[in-house]
Amino acid sequence: MVMIIKTYRIERRKVPKSIARRKNWRKFGSAEKDPPGPNPANTIVQVEEILMQFVQNDEVKEEKEEDPLAKLKATKMVSCRICKGDHWTTKCPYKDTLGPIQEKLQDGDKPAGEAGAVPTPAIPGAPAQANKAGGKYVPPSLRDGPSKGKGETMQSKRDESATIRVTNLSEDTRESDLQELFRPFGPIQRIYLAKDKNTGQSKGFAFINFHRREDAARAIAGVSGFGYDHLILNVEWAKPSGTT
DNA sequence: AATGAGCGG
């Protein structure tokens, strides 16, 4: 019979209680009558040295600073094509006003036949319309001019003003549960339950998008602090995504 | 504790 005793020198206090309790186990076998502490005659004390490398040394720092790509990514260097701000062009506050004007100006600079600045790739067999407007994709509803898509719903973005965020959900809560829970407050436009994309495991929070902001407000008042599946739900107004 | 997925460059 061999007993192995491992001594944790580092972060000893963090050994889980269930393991710490083993200290109280009764000795047995040839050690049955031994006093507390290891007896060299029947016990091998094995000390395991764990070497740890800390990342706070100068070498690593230097490496990081020498990598310009990493630096660029760390600082999130993006430059808007419209206003040169540090956001993507699609998020530019002037996207709807300045953007179209700039495009018009560019079109004016390029009379037909001028192949200097942006050569149009000649793809055999490609539809000719695809390369109009500088190769940009134009949704079917907007082709052949803006006057055509008159009957379409012109809601460009999702309306976030009536969206609430629910946190502290138990991880086996499902969309249908949320639907039941929040439907009494008013018609719901959309429910998003955050899940891990790979495992499908719930991340424990969700967004509920009401049609009316007043309903959302009542949902916050009514459900926040509500006990659900042994947990206390927390409900707040949602912020638009991407806010850190 | 926690703010969604993706597109672009």
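Everything numeric in this text was worked out from a predicted model, so none of it was measured. Residue numbers begin at 1 in each chain, while the letters A, B, ... track the order of the sequences. Keep in mind that the numbers below use all heavy atoms, side chains included, and drop hydrogens, waters and symmetry copies.
- With B/dG4, B/dG8, B/dT3 as the candidates, the nucleotide lying closest to the side chain of A/Thr163 is B/dG4.
- With sequence neighbours left out, A/Asp177 forms a side chain to side chain donor-acceptor pair (under 3.5 Å) with no residue at all.
- Atom pair A/Lys91:NZ and B/dA5:C1' shows a separation of 11 Å (rounding to whole Å applied).
- Within the nucleic acid shown, A/Lys203 comes within 4.0 Å of at least one base atom, counting heavy atoms only.
- Pairs engaging residues 191-204 of chain A under the salt bridge (charged side-chain N to carboxylate O under 4.0 Å, His left out) rule: A/Glu175-A/Lys195 [sequence neighbours left out].
- Contacts of A/Asn39 classified as side chain to side chain donor-acceptor pair (under 3.5 Å), with partners at least two apart in sequence or in another chain: A/Asp34.
- A straight line from CG of A/Asp196 to C1' of B/dT3 spans 16 Å, rounded to a whole angstrom.
- By the side chain to side chain contact (heavy atoms under 4.5 Å, CB included) test, A/Tyr192 is found to be paired with A/Arg190, A/Ala194, A/Phe207, residues two or more places apart in sequence or in another chain being considered.
- Remark: the A/Thr89 side chain and the B/dG8 base include no donor-acceptor N/O pair separated by less than 3.5 Å.
- Among the heavy atoms of the strands lying under 4.0 Å from A/Ala238 is at least one base atom, whether or not backbone atoms are also near.
- Shown here are the side chain to side chain donor-acceptor pair (under 3.5 Å) partners of A/Thr89, two or more places apart in sequence or in another chain: there are none.
- Contacts with DNA chain B (heavy atom under 4.0 Å) in residues 228-236 of chain A: none are found.
- A search for salt bridge (Lys or Arg N to Asp or Glu O under 4.0 Å) contacts involving A/Arg218 returns A/Asp215, not counting sequence neighbours.
- Qualifying side chain to side chain donor-acceptor pair (under 3.5 Å) partners for A/Asp172, counting only residues two or more places apart in sequence or in other chains: A/Ser170.
- When each of B/dA5, B/dG9, B/dC7 is scored by its nearest atom to the side-chain atoms of A/Tyr192, the top-ranked nucleotide is B/dA5.
- Listed nucleotides B/dG4, B/dG9, B/dC7 differ in distance to A/Val78; the shortest reach to its side chain belongs to B/dG9.
- Note: NE2 (A/His87) to C1' (B/dG9) measures 14 Å, nearest angstrom.
- Contacts between residues 164-172 of chain A and DNA chain B, defined by a heavy-atom separation under 4.0 Å, are made by A/Arg165, A/Thr167, A/Asn168.
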